[in-house]
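This report refers to the structure that appears directly beneath it.
Read the numbers this way: they start at 1 and go in the same order the structure lists the ligands and their atoms. Model, not experiment: these values are computed from the prediction. Both backbone and side-chain heavy atoms feed into the values below; hydrogens, waters and symmetry mates do not.
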Amino acid sequence: MSITTKAAITGIGAYVPDYVLTNKELEKLVDTNDAWITERTGIKERRILKGEGLGTSFMGVRAVQDLLRKTKTDPADIDLLICATTTPDFVFPATANLIASEVGAVNSFSYDMQAACSGFLYALTAGSQFIETGKYKKVVVVGADKMSSIIDYQDRATCIIFGDGAGAVLLEPNTEGFGILDAVLQSDGAGWVHLHQKAGGSRRPPSIETVQAREHYVYQEGAAVFKHAVKRMAEVSQQIMQRNHLQGSDVAWLNPHQANKRIVDATANAMNLSLDKVMMTIEKYGNTTNGTLPLNFAYYEKSLRKGDNIILAAFGGGFTWGSVYVKWAYNPS
Ligand code: UT7
């Protein structure tokens with residue numbers, strides 16, 4: 001019988017900045033209130049990276065260092081580092097290059113993955129393929145965003161949602177049936193009109209006019225995105241369960257993107273899953289874009305058991321969306 005190699009998640013690291021931006025503080029910046037934000041999104045507070053000259057890599061480095069410390073991994077043994085981010089330190093070089101260099105991953109190659117809020121799922125799936133070929137033994141996948149760098153704190157429709165944070169996982173070969181077992185990834189570029197950053201790219205390069213028009217911030221048509229997110233996250237989660245013959249009772253955890261508690265609840269409902277099986281950190285961290293899924297893993301790590309069936313699901317700008325099926329590979333130490 002042939003032995004199939006899968007990519008198992010063998011460790012998690014995380015970093016969130018110290019500064020806590022509460023709903024109460026947002027009340028002083030825009031016309032909003034704690035009750036509205038809590039009821040419509042589930043968010044109470046989010047973290048903000050303060051400090052001149054600190055970008056997404058600052059958080060990514062700390063998440064990877066946490067991962068290396070916990071897994072006792074020598075950075076020189078890392079073969080590949082992928083960073084999923086929508087707020088890179090620079091347009092180029094890749095934030096992954098900066099992180100890899102700073103953590104001492106001197107023998108790795110590294111690149112960024114841009115798929116907005118689904119980026120971590122895309123990167124996890126890409127990383128798993130490198131392991132499955134048998135060519136690579138240690139792949140680090142980072143999800144990190146400094147959303148505060150592209151948020152307009154005069155726009156109450158967006159500034160209440162987003163926060164900063166980073167997480168990282170280590171992927172290693174597994175031949176015992178644990179790891180990333182399946183993935184459904186999708187995209188539809190027609191969705192760009194509902195969620196994008198108007199200027200700063202090659203279509204509309206930065207200028208005095210673009211800055212004055214506040215076009216370097218997240219533009220989101222919230223209700224339209226909400227509708228698509230509910231539909232698509234439910235679809236892909238159901239699809240991945242069906243093709244892996246999983247009932248709601250077989251699933252130990254749903255790890256969903258943290259955009260809005262109402263979207264998460266709808267996804268869990270479509271999967272026939274009770275809410276105590278749903279990882280939720282939105283109350284503390286808000287929507288950290290590529291950070292949400294690994295931050296969820298970090299927060300719930302002590303509750304996860306070897307053999308747990310975990311479904312990840314995300315939806316975001318692009319549009320991009322997807323679901324990944326993971327059989328958890330280790331018990332808490
Ligand atoms: O992670 C990437 C993908 N992003 C998402 O998945 C986000 C999806 N969208 C959402 O989560 C929600 O659409 C939002 C949280 C962004 C907005 O919630 P909503 O329930 O869809 O509100 P809405 O945009 O339909 O606005 C309803 C009302 C409006 O007032 P009127 O026109 O009914 O008088 C808004 O002006 O709520 C008002 N409103 C607010 N009121 C207080 C919008 N934002 C706020 C606010 N505080 N912060």
Donor-acceptor contacts, no H, no angles, side chain residues 168-180, under 3.5 Å, sequence neighbours left out:
from	atom 1	to	atom 2	distance (Å)
E172	OE1	T10	OG1	2.6
E172	OE2	K138	NZ	2.5
N174	OD1	E176	N	2.7
N174	OD1	G177	N	3.4
N174	OD1	F178	N	3.3

- Query: Does R262, backbone or side chain, put an N or O under 3.5 Å from an N or O of ligand 1?
  - Reply: yes
- Query: Mind checking what makes side chain to side chain contact (heavy atoms under 4.5 Å, CB included) contact with Y299, not counting sequence neighbours?
  - Reply: T281, K284, Y285
- Query: With a 4.0 Å cut-off on heavy atoms, does V225 reach ligand 1?
  - Reply: yes
- Query: Is atom 29 (C) of ligand 1 less than 4.0 angstrom from some protein heavy atom?
  - Reply: no
- Please could you name the atoms of ligand 1 that T41 approaches to less than 4.0 Å, counting only its heavy atoms? 15 (C)
- In terms of atom number and element, which parts of ligand 1 are under 4.0 angstrom from non-hydrogen atoms of N260? 10 (C), 11 (O), 12 (C), 15 (C)
- Message: Between S57 and G60 (side chain of the first, backbone of the second, donor and acceptor by atom type, cut-off under 3.5 Å), is there such a pair?
- Response: no
- Centroid-centroid distance, F297 to W253, less than 6.0 Å: no
- Would you mind running through ligand 1 and noting each atom that sits below 4.0 Å from a heavy atom of N287? 1 (O), 2 (C)
- Message: Before you tell me yes or no, could you show the steps for K24 and E27 under salt bridge (charged side-chain N to carboxylate O under 4.0 Å, His left out), namely the whole-Å CA-CA distance, both residues' side-chain angles and the distance that decides it to 0.1 Å?
- Response: CA-CA 5 Å; K24 280 280 167 217; E27 287 179 6; 3.5 Å; yes
- Query: Identify the closest protein heavy atom to atom 25 (O) of ligand 1: which residue and atom is it, and at what distance?
  - Reply: A223 CB, 4.2 Å
- Task: Answer yes or no: is there a donor N or O on one side and an acceptor on the other, between the side chain of T320 and the main chain of G317, under 3.5 Å?
- Result: yes
- Verdict with reasoning, S118 to H257, per side-chain hydrogen bond (donor to acceptor under 3.5 Å, both in side chains): CA-CA 8 Å; S118 310; H257 175 50; over 6 Å; no
- Note on the structure: The closest protein heavy-atom partner of atom 36 (O) of ligand 1 is R156 NH2, 2.8 Å
- From the options W36, F226, F162, select the one whose nearest heavy atom is closest to atom 18 (O) of ligand 1. W36
- Do protein heavy atoms approach atom 48 (N) of ligand 1 to less than 4.0 Å? yes
- Query: Once the angle between the rings of H194 and F319 is folded into 0 to 90°, is it parallel (under 30°), tilted (30 to 60°) or perpendicular (over 60°)?
  - Reply: parallel
- Task: Could you list which atoms of ligand 1 come closer than 4.0 Å to a heavy atom of T32?
- Result: 42 (C), 46 (C), 47 (N), 48 (N)
- Note on the structure: The atoms of ligand 1 lying under 4.0 Å from a heavy atom of R40, numbered in the order shown, are 20 (O)
- Message: Suppose I only count heavy atoms of I161 and a 4.0 Å limit; which atoms of ligand 1 are within that range?
- Response: 16 (C)
- Got the closest protein heavy atom to atom 2 (C) of ligand 1, with its distance? C117 SG, 3.1 Å
- Query: Does atom 34 (O) of ligand 1 have a protein heavy-atom neighbour under 4.0 Å away?
  - Reply: no
- Item | Contact bool for atom 44 (N) of ligand 1 (protein heavy atom, d < 4.0 Å) | yes
- Which of parallel (below 30°), tilted (30 to 60°) and perpendicular (above 60°) describes F109 and Y136? tilted
- Query: Given the protein's heavy atoms, is any one of them under 4.0 Å from atom 41 (N) of ligand 1?
  - Reply: yes
- In I240, L185, L254, the residue satisfying side-chain contact (heavy atoms from CB on, under 4.5 Å) with S323 is I240
- How does T289 reach ligand 1, if at all, at less than 4.0 Å between non-hydrogen atoms: by side chain, backbone, both, or neither? neither
- Message: If the cut-off is 4.0 Å to any non-hydrogen atom of A259, which atoms of ligand 1 fall inside it?
- Response: 1 (O), 5 (C), 6 (O)
- Atom indices of ligand 1, in the order listed, that fall short of 4.0 Å to a heavy atom of I160: 48 (N)
- Task: Evaluate the 4.0 Å heavy atom contact test for atom 13 (O) of ligand 1: does a protein atom fall under the cut-off?
- Result: yes
- Message: Tell me whether the rings of Y15 and F58 are parallel (<30°), tilted (30 to 60°) or perpendicular (>60°).
- Response: perpendicular
- Check against side-chain hydrogen bond (donor to acceptor under 3.5 Å, both in side chains), T85 and D112: CA-CA 7 Å; T85 186; D112 283 359; over 6 Å; no
- Task: Could you tell me the residue and atom name of the protein heavy atom closest to atom 7 (C) of ligand 1, and the distance to it rounded to 0.1 Å?
- Result: Q220 OE1, 3.6 Å
- Check the side chains of N97 and S110 for a donor-acceptor pair under 3.5 angstrom, ignoring hydrogens and angles. yes
- Do any nitrogen or oxygen atoms of G222 lie less than 3.5 angstrom from nitrogen or oxygen atoms of ligand 1? yes
- Check the surroundings of atom CG in N272: do more than 12 heavy atoms from other residues, nucleotides or ligands lie under 6.0 Å from it? no
- atom 9 (N) of ligand 1: protein heavy atom closer than 4.0 Å? yes
